[in-house]
Amino acid sequence: MSEINGSSPVEVKKRHIILDALRGFAILGICMANFPEFSLYSFLKPEAANAMSTAKIDSIVQFLLYFFIDGKFYTIFSLLFGIGFSIIITNVTARGGNGLGVFYRRMAVLTVIGFVHLMTLWSGDILMLYALMGMLLPLFMRLSNKALFGWGLFFLFLPVVIDSMCEMWGIYPSAAIVRWQWYWCDKYGITDANFAYWLRDCRSYDDVFKFLIQGAIVRLQEFVDGNRYFKVLGLFLIGYYIGRNRFYANLDALKPVLKKICQYGLFIGWPLTAIYSWSSVTGHPLGAGAHSLFYFSSVYLTSFGYVAAATLLYLRYRDRAIWRFFAAPGRMALTNYIGQSVIGIILFYGIGLGYGATVGLVYVEIIAAGVFLVEAIASQMWLSMFRFGPLEWMWRCFTYGRLFKIKTS
């Protein structure tokens with residue numbers, strides 16, 4: 001590969017540990033949010049879930065997942081993505097390189113990684129959406145800070161309007177996508193009766209791939225029904241606003257602001273999150289529009305509260321080992337995110353150990369926490385010998401057009 005003049009990734013010594021630690025924190029939450037689906041627990045019919053010995057505690061755990069986890073950690077991850085965009089543009093441009101060119105190559109590579117992940121490992125991939133929506137960020141570069149933040153809030157609130165209008169007019173935007181999904185299910189013999197057990201009972205990767213095809217279509221349906229593209233773009237823009245102003249580099253001066261964000265985010269966000277969690281576990285009894293409003297008013301406030309609380313703790317105890325513990329998996333976020341899919345297949349699918357649809361939710365979350373712990377320890381060991389995670393290294397090489405030295409010495 002030929003070297004791109006003026007272009008290189010951020011050096012380790014120049015990294016801000018709080019950003020890596022927050023990314024690692026987000027990877028933990030994403031793991032706990034995703035493993036109910038990896039374990040196939042999310043696919044079980046209510047009668048099957050209620051028949052488990054852990055059913056009573058599982059119902060409590062489900063509420064707690066909505067309360068503490070659901071939506072919060074992908075929100076943090078999305079904010080960090082927007083911050084990362086600003087860092088790439090700033091660093092490459094400062095070296096005399098083409099910042100936008102590097103960014104678009106980076107997004108093109110991520111699109112390929114996301115597509116491969118979606119079609120070969122797990123239908124819940126978010127990387128491809130991140131890459132495609134990330135390509136829109138340069139359109140907002142010339143906006144003022146006020147306009148940038150305003151557009152971010154606009155896109156975050158837009159799903160509330162869309163869901164309310166669809167509910168009012170009886171529109172089901174993803175109806176055609178659902179029909180497309182069931183076309184492939186019928187083609188492969190995936191039925192409502194065996195849907196939850198298909199991946200557990202499969203004995204060949206060919207059967208896994210059949211499920212992944214319809215699963216990719218389900219993922220598209222989830223993006224449409226959840227207006228996920230607007231949410232992700234809105235969070236990217238707010239993250240870009242944070243990054244462009246380099247707030248992460250001047251945290252001590254921002255303590256008063258961080259304290260207010262923490263107070264409002266948690267003490268107002270948590271009561272609203274309780275309402276959102278109730279709406280989630282009871283099937284949105286007040287309607288889709290109201291549920292979307294509960295999401296908007298609770299998830300983002302709480303997520304910002306998490307970020308502010310973690311940052312304040314970092315400022316007070318910045319020398320503690322806990323930050324390095326979370327920063328290591330944060331520096332290898334792509335590797336660990338894909339790694340969680342591989343581990344999920346090994347643990348729960350029939351081509352692996354086949355524990356899917358047999359484990360209660362409380363055990364699923366214990367397993368998820370254990371998976372993150374293993375990844376965190378493995379990340380620390382890896383980074384003691386190498387400069388980048390394996391997938392991060394490949395991503396950088398293809399982005400910058402040259403082979404980087406991966407070993408630390």
Side-chain angles (χ1 to χ4, degrees), residues 29 33-34 36-37 41-50 55 58-75 78 123-124 126 129 133 150-182 192 195-196 215 217-235 238 264-305 361:
N34 289 344
E37 188 166 323
Y41 179 88
S42 296
F43 299 151
L44 291 174
K45 292 183 178 296
E47 53 269 26
N50 292 335
D58 286 345
S59 63
I60 298 173
V61 172
Q62 184 180 46
F63 181 88
L64 293 177
L65 281 174
Y66 279 114
F67 188 89
F68 289 108
I69 305 292
D70 187 66
K72 283 78 170 177
F73 291 89
Y74 108 82
T75 292
S78 300
S123 302
I126 194 71
L129 178 67
M133 300 311 297
W151 275 105
L153 291 179
F154 169 79
F155 284 119
L156 292 182
F157 187 75
L158 187 57
V160 178
V161 178
I162 294 174
D163 287 342
S164 298
M165 293 175 65
C166 288
E167 184 178 28
M168 184 185 306
W169 295 335
I171 299 173
Y172 185 30
S174 64
I177 301 174
V178 173
R179 290 194 296 271
W180 186 26
Q181 177 222 346
W182 281 107
D192 190 54
F195 193 90
I217 302 171
V218 172
R219 190 58 169 164
L220 178 59
Q221 175 203 346
E222 291 172 347
F223 288 158
V224 172
D225 287 343
N227 298 290
R228 184 68 68 89
Y229 28 79
F230 293 128
K231 295 174 181 177
V232 165
L233 181 57
L235 292 168
I238 293 177
Y264 287 124
L266 299 184
F267 293 110
I268 296 178
W270 271 342
L272 293 172
T273 297
I275 300 174
Y276 165 72
S277 303
W278 163 80
S279 179
S280 297
V281 299
T282 55
H284 314 169
L286 300 182
H291 184 74
S292 187
L293 180 61
F294 297 153
Y295 184 100
F296 170 82
S297 61
S298 66
V299 169
Y300 301 130
L301 267 179
T302 305
S303 302
F304 299 155
L361 187 58

* Could you give the distance from OG (Ser298) to CG (Asp70), rounded to the nearest 0.5 Å? -> 9.0 Å

* To do: Over all heavy atoms of both residues, which pair between Gln221 and Ser174 is shortest? Give the atoms and the distance, please.
  => CG-OG, 3.5 Å

* Asked: What distance separates His291 NE2 from Glu167 CD, expressed to the nearest 0.5 Å?
  -> 11.5 Å

* Asked: How about Leu293 and Tyr276: do any of their side-chain heavy atoms sit closer than 4.5 Å?
  -> no

* Asked: Rounded to the nearest 0.5 Å, what separation is found between the CG atom of Leu235 and the CZ atom of Phe304?
  -> 6.0 Å

* To do: Give the minimum heavy-atom separation between Ser164 and Gly289, together with the two atoms involved.
  => OG-CA, 3.5 Å

* Point-to-point distance, once rounded to the nearest 0.5 Å, from CG of Asn227 to CG of Asp163 -> 5.0 Å

* Backbone N or O of Ala288 within a donor-acceptor pair of the Ser292 side chain at under 3.5 Å? -> no

* Asked: When you measure from the side chain of Ser297 to the backbone N and O of Phe294, does any donor-acceptor pair fall under 3.5 Å?
  -> yes

* Which atom names give the shortest non-hydrogen contact between Asp192 and Trp182, and what distance separates them? -> N-CH2, 4.2 Å

* Asked: Where the side chain of Ser78 meets the backbone of Tyr74, is there a donor-acceptor pair that is under 3.5 Å apart?
  -> yes

* Asked: Is there a donor-acceptor pair under 3.5 Å between the side chain of Ser277 and the backbone N or O of Phe67?
  -> yes

* Structure fact -> Which of Val224, Asp225, Val218, Leu220 passes side chain to side chain contact (heavy atoms under 4.5 Å, CB included) with Glu222? It is Val218

* Apply side-chain contact (heavy atoms from CB on, under 4.5 Å) to Ile238 and Leu153, showing your working. => CA-CA 8 Å; Ile238 293 177; Leu153 291 179; 4.2 Å; yes

* Please walk me through it: do Ile60 and Phe63 pass side-chain contact (heavy atoms from CB on, under 4.5 Å)? -> CA-CA 5 Å; Ile60 298 173; Phe63 181 88; 5.8 Å; no

* Asked: Do you know which two heavy atoms are closest between Leu361 and Asp58, and how far apart they sit?
  -> N-OD1, 3.0 Å

* **Gap separating the OH atom of Tyr229 from the CG atom of Leu129, nearest 0.5 angstrom** => 9.5 Å

* Residue pair Trp270, Phe68: steps toward the side-chain contact (heavy atoms from CB on, under 4.5 Å) verdict -> CA-CA 9 Å; Trp270 271 342; Phe68 289 108; 4.2 Å; yes

* To do: Answer yes or no: are there more than 12 heavy-atom neighbours, outside Trp278 itself, under 6.0 Å from its atom CH2?
  => yes

* For side-chain contact (heavy atoms from CB on, under 4.5 Å), just list the numbers for Leu301 and Phe267, CA-CA rounded to whole Å, side-chain angles, deciding distance to a tenth of an Å, and then say yes or no. => CA-CA 9 Å; Leu301 267 179; Phe267 293 110; over 6 Å; no

* How about Lys45 and Asn50: do any of their side-chain heavy atoms sit closer than 4.5 Å? -> no

* **Heavy-atom pair with the smallest gap, counting every atom of Lys72 and Val299** => N-CG1, 4.1 Å

* Specify the closest pair of heavy atoms between Pro271 and Leu266, including all atoms of both residues, with the distance to one decimal. => CD-O, 3.8 Å

* Does a side-chain heavy-atom distance below 4.5 Å link Arg228 with Met133? -> no

* Asked: Is it true that the NZ or CZ of Lys231 lies under 6.0 Å from the centre of Tyr295's six-membered ring and within 45 degrees of the ring axis?
  -> yes

